[in-house]
Chemist: 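This is the structure, below, for whatever I ask next.
Lettering of chains follows the sequences in order, A, B, ..., and the numbering in each one begins at 1.
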Amino acid sequence: MTSDPNHVDFVRRIIVGDVERGKHDGRVHTRFPPEPNGYLHIGHAKSICLNFGIAQEFGGLCNLRFDDTNPGVEDVEYVEAIQADVRWLGFTWDDRLFYASDYFEQLYRYAEQLIESGDAYVDSLDAEKIREFRGSVHGVGRDSPDRTRSVADNLDLFRRMRAGEFPDGAYVLRAKIDMAHPNINMRDPTLYRIRHEHHHRTGDAWCIYPMYDYAHGLSDSLEGITHSICTLEFEHHRPLYDWFLEKLGVHHPQQIEFAKLNLTHVLMSKRNLRRLVEDGVVDGWDDPRMPTLAAMRRRGYPPAAIRQFCEHIGVAKFNSVHEIALLEFHLRDVLNKAAPRAMAVLDPVRLILDNYPEGQGEELEAVNNPEDEAAGTRRVPFGRELFIEREDFMEDPPKKFFRLAPGREVRLRYAFFVRCTSVEKDAAGNVVAVHATYDSETRGGNAPDGRKVKATIHWVSAAHAVDAEVRLYDHLFATEDPMDPRGGPDGRGNLNPESLIVRRGCKLEPSLAEAAADVTYQFERLGYYCVDRRDSRPDALVFNRTVGLRDTWAKEKAQGGG
RNA sequence: UUCCUCGUGGUGUAAUCGGUAGCACAGCAGAUUCUGGUUCUGCUAGUCAAGGUUCGAGUCCUUGCGAGGAAACCA
C-alpha cells in the first residue's frame, strides 16, 4: 500500500473508469455474499472492507447477501453470526439484507427460459458419469446422450423435478454450451440438482436447488449490482457468469477478481479451521487463537485495527502472503492510542519496603493514557508490601539489565524511587521476597535532587491486589505456513505448543476488577489485555492477552546480549 | 503436457502517455522518554532471465524461466 491517496488499486481503477464513462449511469453497487456455512474470518474482512469500503467511497451501496443455495451445509446459526460480525466490523447494509433463496422462483423461471431457448437440458447421467464425460484438462469432453432431448421433454422433466417426482440425483439441469471448451467450467455445467432437503429459509418449498454459478450472477443481476468483486478462484467462472447474463439478456454486472488474504502462521481455509474445532485442538470457533472475527473480538482486537490493516494491505491479483507482523503493527497502533493503561503483575514476587511505615498506605495519581490527555487520571493504592514482576529483579544482573538488583535504584511507576537492599530465598534458592527502601522525597516519581534512574517498573499493592487468571495467547502455528508438509498432512506437527499459556494468581490493580467487557487495556510494560467475555466472572476474573508490547529487551536477551 | 492469471527489497504494495524505482511492515543504528512502549532520525535492501525497439524500458515487443489456480449434483 502507499500513503499517497492518489494511488489506487486495480479494482478501484476499473470502477473509476466505469464511473467516468457513465457505465450503469455512474452508479456503484457492490455486495458481500457469504455462504452461511461457517464463521467469518480475517480473510473475509478483507472482502468486506473492500466491498463496503468501495461503496462508501463512490457514494454507492453495498448489499449483504447470503448465498444460501446448498441447504445441506447451511444454518441460521451462521446467518446470525455473520451479521453480528459484519456489524461489529463497522459496516451497515440498512434494509439491503438479501438471500439467494429470495430469488428461487425467479431463478426457476430463468431456467425454463434457458430450456425454451435450447440453452439448457435435463440430464439423467449420474454424477460419476458427468465427471467422466466432462473429460480432463488434457482433452475434450463428450456429449451426454440426453443433450439432444427435445425442448418439450426437457421442460416436462424439469417441471417434474420441481414437483418432487424424482429422487435425489435422478436428474440435473445443465447448460448447453460446449463439451470441448478449453475452460472446463463451460463444458455444460450443472444449473440445478435435486435435493429433498429442508432449507433454513424456504423450508420444504423446494426440492431442486440452483448451483452457485447460476444463482450467483443472476442474484447480482437482480439486485442491480454493478461490480461483483470476488476472489481469484472464480476467475475461470467469469465466462460462465457472463454467459448466463448474456443468454438471458438481463442487467450485466462486471465480475472482478482479486487475490484473497493469506497471513503467515494463520490457517485460513474454512474446512481446516472446522477440523481444528471438531478435533478439539482449539476451544471453539471463538477460541482467541482462531482467525475468525468472533475470536478476534474475544481476544480484544478493536474492529478499527482490522479495518486499518485491510486498508493498508492493498488489493492485487498476485497471490501473496502477508506477514502477521503487519496485522500486529496495526493492532498495536490502534491500541496504543486508545487503550486505557493499568498495572498488573503476571508473575508476582513480593517487594517489601522496610522503611515504609507498617499498617499505612496512600493513593498515588496515575495517568490513564499518555497518548490521550482526555482519558484523565486515576488513583492507585500504595503500601509497604507490593508485588513486582519476577522478571524485573535479578540477583546477578548482566550489563544491559537496567531493572532492580541488589544495591540498584529504580522507579516504581507513578510512585517512588526504591533501592534494593536484600533478597529472601527459600531452601531451593528461589527468590520469595525482595527487600528495599523507598525515598519519600521522590513521591510521584521524580527526585528533587534531579537524580535519574535507568528503569521504571510496574507494581501492585499487595493489600489491594485483585487476583486473576491471565491467558497468554500466541500464534496457533509455529511455522509461517500452517500446512508446511514437515508438520504432517494435516499440519498438526506445526502447532505452536505455547500458543496458550495460562497464568494463575496474577495480581491486578483494583480498578481492573470493574474492567469493561469490550475495552482492551494496556497492562503497562507488558501488552494489551481484555476481559474474557465468556469465562470471566466477578469473583474469578479471566483476562486474555490481545498482543504483547514490542519488546526490545526480549530481543536483546534472545541474541545473547543478556 | 490444455486453459486462465500473475512475477518490483526479507514481506506486502506504488510508479499518468515510456522520463530520478516510492511507501508501509520487518531488520539494523542512534536520539527522546516516569512503559526496554510510544515518538523522532538515519541505514540496509528491489524491477525473474535473455534478447529487441528507443535518446531513455519496471512499463512496449519476442523468447525463456518461475509461481498460483482450474477437471463438485460445493461456494
Side-chain angles (χ1 to χ4, degrees), chain A residues 1-4 6-9 33-35 37 67-70 72-74 123 125-128 130-131 134-141 168-169 171-174 181-187 189-195 208-209 211-213 215-216 230-239 257 259 264 270 312-330 332-333 336-337 341 343 366-367 370-371 400-403 411-415 417 444-446 452-458 480 522-527 548-556:
Chain A
M1 186 59 183
T2 163
S3 54
D4 184 343
N6 295 321
H7 294 165
V8 294
D9 55 72
E35 183 188 16
N37 73 338
D67 243 326
D68 55 350
T69 56
N70 188 6
V73 299
E74 294 155 6
D123 197 351
L125 249 34
D126 63 30
E128 203 176 313
I130 287 182
R131 184 163 35 246
R134 184 160 35 227
S136 76
V137 294
H138 300 293
V140 301
D168 287 8
Y171 292 102
V172 291
L173 183 71
R174 292 230 256 168
H181 201 107
N183 181 343
I184 290 167
N185 292 310
M186 298 298 272
R187 320 239 262 229
T190 303
L191 270 54
Y192 272 90
R193 74 283 216 196
I194 301 172
R195 288 280 170 84
I208 57 172
Y209 291 94
M211 299 288 290
Y212 166 85
D213 286 304
H216 190 83
C230 62
T231 49
L232 246 31
E233 65 262 35
F234 295 107
E235 216 157 19
H236 325 69
H237 296 244
R238 184 165 11 106
E257 312 86 10
T264 58
K270 230 187 243 181
H312 282 79
I313 53 177
V315 183
K317 300 198 77 155
F318 182 64
N319 228 313
S320 57
V321 184
H322 279 83
E323 290 176 345
I324 187 77
L326 185 64
L327 209 212
E328 291 172 345
F329 166 80
H330 289 290
R332 292 191 183 103
D333 190 50
N336 175 52
K337 292 178 182 110
R341 314 289 138 123
M343 291 198 283
V367 173
E371 307 291 322
K400 289 179 177 170
F401 183 85
F402 305 143
R403 283 108 94 150
R411 172 171 33 235
L412 296 177
R413 181 91 159 142
Y414 297 127
F417 283 14
N446 287 301
K452 304 282 185 199
V453 287
K454 289 202 80 172
T456 298
I457 64 173
H458 61 278
E480 287 205 345
Q522 184 193 105
F523 289 179
E524 297 222 27
R525 300 211 307 130
L526 296 174
L549 251 26
R550 277 187 71 225
D551 189 350
T552 50
W553 166 240
K555 209 178 287 176
E556 182 86 38

Chemist: Can you tell me if the side-chain N/O atoms of R193(A) get under 4.0 Å from OP1 or OP2 in A75(B)?
Modeler: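 For A75(B), OP1/OP2 do have a side-chain N/O of R193(A) under 4.0 Å.
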
Chemist: When the P atoms of U16(B) and U1(B) are compared, how many Å lie between them, rounded to an integer?
Modeler: 40 Å

Chemist: Using a heavy-atom cut-off of under 4.0 Å over every strand shown, decide if N37(A) touches base, sugar-phosphate, or nothing.
Modeler: nothing

Chemist: Looking at U13(B), I'd like to know if its phosphate oxygens (OP1 or OP2) sit under 4.0 Å from a side-chain N or O belonging to S320(A).
Modeler: yes

Chemist: Give me the distance, rounded to whole Å, that separates A45(B) from C61(B) when you measure between the P atoms they each carry.
Modeler: 32 Å

Chemist: Given A72(B), is OP1 or OP2 found less than 4.0 Å from the side-chain N or O atoms of T190(A)?
Modeler: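 No, outside the criterion.
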
Chemist: Please measure how far the P atom in A57(B) lies from the corresponding atom in G51(B), and state the result in whole Å.
Modeler: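 Straight-line distance between the two P atoms is 13 Å.
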
Chemist: I'd like to know if R403(A) reaches the base of G36(B) with its side chain, counting only an N/O donor and acceptor under 3.5 Å.
Modeler: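 Side chain to base: pair present.
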
Chemist: Using a 4.0 Å heavy-atom cut-off across all strands, classify E323(A) as base, sugar-phosphate, or nothing.
Modeler: base

Chemist: For U8(B) versus U13(B), give the span between their P atoms, rounded off to a whole number of Å.
Modeler: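 U8(B) and U13(B) have their P atoms separated by 8 Å.
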
Chemist: In terms of side-chain heavy atoms of E35(A), which of U39(B), G10(B), A75(B) is nearest?
Modeler: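 Closest nucleotide among those given: A75(B).
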
Chemist: Over all strands shown, is Y209(A) touching base, sugar-phosphate only, or nothing at heavy-atom distances under 4.0 angstrom?
Modeler: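 No contact at all - Y209(A) keeps every heavy atom at 4.0 Å or more from the nucleic acid.
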
Chemist: How long is the straight-line distance from CD of E74(A) back to OG1 of T69(A), given to the nearest 0.5 Å?
Modeler: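 Between atom OG1 of T69(A) and atom CD of E74(A) there are 6.0 Å.
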
Chemist: How many angstroms lie between NE2 in H312(A) and NE2 in H330(A), if you round to the nearest 0.5 Å?
Modeler: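 Taking NE2 in H312(A) and NE2 in H330(A), the distance rounds to 5.5 Å.
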
Chemist: Counting only side-chain N and O atoms of R550(A), is one of them less than 4.0 Å from OP1 or OP2 of U38(B)?
Modeler: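 Yes, within the criterion.
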
Chemist: Any donor-acceptor pair under 3.5 Å joining the side chain of H236(A) to the base of G69(B)?
Modeler: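 Pair found.
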
Chemist: Please figure out whether D67(A) or D9(A) has its closest RNA chain B nucleotide nearer the 5' end.
Modeler: D9(A)

Chemist: Under 4.0 Å between a side-chain N or O of S136(A) and OP1 or OP2 of U2(B)?
Modeler: no

Chemist: Give a yes or no answer on whether the side chain of D126(A) reaches the backbone of G169(A) with a donor-acceptor pair at less than 3.5 Å.
Modeler: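 Between the backbone of G169(A) and the side chain of D126(A) there is no qualifying donor-acceptor contact (under 3.5 Å).
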
Chemist: Rounding to the closest angstrom, what is the interatomic distance between G68(B) and G18(B) at atom C1'?
Modeler: 30 Å

Chemist: Quick one: label L125(A) by what it contacts on the DNA or RNA (base, sugar-phosphate, nothing), any heavy atom closer than 4.0 Å.
Modeler: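 Contact class for L125(A): base.
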
Chemist: Checking all strands, does P33(A) fall into the base, sugar-phosphate, or nothing category for heavy-atom contacts under 4.0 angstrom?
Modeler: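 The residue P33(A) makes no contact with any strand.
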
Chemist: From the options G7(B), U35(B), A24(B), select the nucleotide whose nearest atom is closest to the side chain of F318(A).
Modeler: G7(B)

Chemist: Parallel, tilted or perpendicular: which describes the rings of H237(A) and Y212(A), with under 30° parallel and over 60° perpendicular?
Modeler: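 If you compare the ring of H237(A) with that of Y212(A), the planes turn out perpendicular.
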
Chemist: Would you indicate what L232(A) reaches in the nucleic acid, counting non-hydrogen atoms under 4.0 angstrom: base, sugar-phosphate, or nothing?
Modeler: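 If one applies the 4.0 Å heavy-atom cut-off, L232(A) turns out to touch nothing in the nucleic acid.
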
Chemist: Classify the nucleic acid contact of R134(A) as base, sugar-phosphate or nothing, counting any heavy atom under 4.0 Å across all strands shown.
Modeler: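 Sugar-phosphate, backbone atoms only, no base.
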
Chemist: Taking N and O atoms by type only, does the side chain of R332(A) place a donor or acceptor under 3.5 Å from a partner on the base of U38(B)?
Modeler: no

Chemist: Mind checking if V315(A) touches a base, just sugar-phosphate, or nothing, with heavy atoms under 4.0 Å?
Modeler: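 The answer is sugar-phosphate, as V315(A) gets under 4.0 Å only of primed atoms, P, OP1 or OP2.
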
Chemist: Using a distance-only criterion (donor-acceptor N/O pair, under 3.5 Å, no hydrogens), is the base of U5(B) paired with the side chain of E257(A)?
Modeler: no

Chemist: Ignoring the backbone of T69(A), work out which of A70(B), A75(B), U13(B) is nearest its side chain.
Modeler: A75(B)

Chemist: Side chain of K555(A) only, heavy atoms from C-beta on: which candidate in G12(B), G27(B), A75(B) is closest?
Modeler: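 Of all the options, the side chain of K555(A) is nearest to G27(B).
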
Chemist: Expressed as a whole number of Å, how far does the C1' atom of C40(B) sit from that of C4(B)?
Modeler: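 These two C1' atoms come out 48 Å apart once rounded.
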
Chemist: Ignoring backbone atoms, test whether R195(A) places a side-chain nitrogen or oxygen under 4.0 Å from the OP1 or OP2 oxygen of C74(B).
Modeler: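 So the side chain of R195(A) is within the cut-off, an N or O lying under 4.0 Å from OP1 or OP2 of C74(B).
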
Chemist: Look at the side chain of R341(A) and decide which nucleotide, out of U5(B), A71(B), G37(B), has an atom nearest to it.
Modeler: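 So the side chain of R341(A) is nearest to G37(B).
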
Chemist: For C17(B), does the glycosidic angle fall within 90° of 0 (syn) or outside that (anti)?
Modeler: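 It is syn.
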
Chemist: How is V321(A) classified with respect to the nucleic acid when contacts are heavy atoms under 4.0 Å: base, sugar-phosphate, or nothing?
Modeler: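 The residue V321(A) makes sugar-phosphate contact but no base contact.
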
Chemist: Suppose we call a contact any N or O donor and acceptor under 3.5 Å apart; does that hold for the side chain of Q522(A) and the base of G37(B)?
Modeler: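 Between G37(B) and Q522(A), which were checked side chain against base, a qualifying N/O pair under 3.5 Å is absent.
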
Chemist: Can you tell whether the side chains of D333(A) and K337(A) come within less than 4.0 Å, N to carboxylate O?
Modeler: yes

Chemist: When Watson-Crick pairs (N1 to N3 and N6-O4 or O6-N4) and G-U wobble pairs (N1-O2 and O6-N3) count only below 3.5 Å on both distances, what is the dot-bracket string of RNA chain B, with | for other-strand pairs?
Modeler: .((((((..((((.....[..)))).(((((.......)))))....(((((..]....))))))))))).....

Chemist: Is the ring centre of F402(A) under 5.5 Å from the base ring centre of G36(B), and are the two planes under 30° apart, so that they stack?
Modeler: yes

Chemist: Among A72(B), A26(B), U1(B), which is the nearest nucleotide to the side chain of H138(A)?
Modeler: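 Of the candidates, U1(B) comes closest.
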
Chemist: Of all the nucleotides listed (A75(B), C3(B), A24(B)), which has the minimum atom distance to the side chain of P182(A)?
Modeler: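 Closest nucleotide among those given: C3(B).
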
Chemist: So what does A127(A) touch, heavy atoms closer than 4.0 Å: a base, only the sugar-phosphate, or nothing?
Modeler: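 Answer is base: heavy atoms of A127(A) come under 4.0 Å of a base.
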
Chemist: Taking A15(B) as the reference, what is the distance to G7(B) when you measure between their P atoms (whole Å, please)?
Modeler: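 Result for the P pair: 12 Å, nearest Å.
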
Chemist: Flag as yes if W553(A) stacks onto the base of G36(B) (centroids under 5.5 Å, planes under 30°), otherwise no.
Modeler: yes

Chemist: Just to be sure I understand the rule, does F401(A) reach a base, reach only the sugar-phosphate, or reach nothing, if contact means heavy atoms closer than 4.0 Å?
Modeler: base

Chemist: Looking at U5(B), A71(B), A72(B), which one has an atom nearest to any side-chain atom of K317(A)?
Modeler: U5(B)

Chemist: Heavy atoms under 4.0 Å, any strand shown: does H237(A) hit a base, just sugar-phosphate, or nothing?
Modeler: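 It contacts base atoms.
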
Chemist: Roughly how far apart, to the nearest Å, are U32(B) and G46(B) at atom P?
Modeler: 32 Å

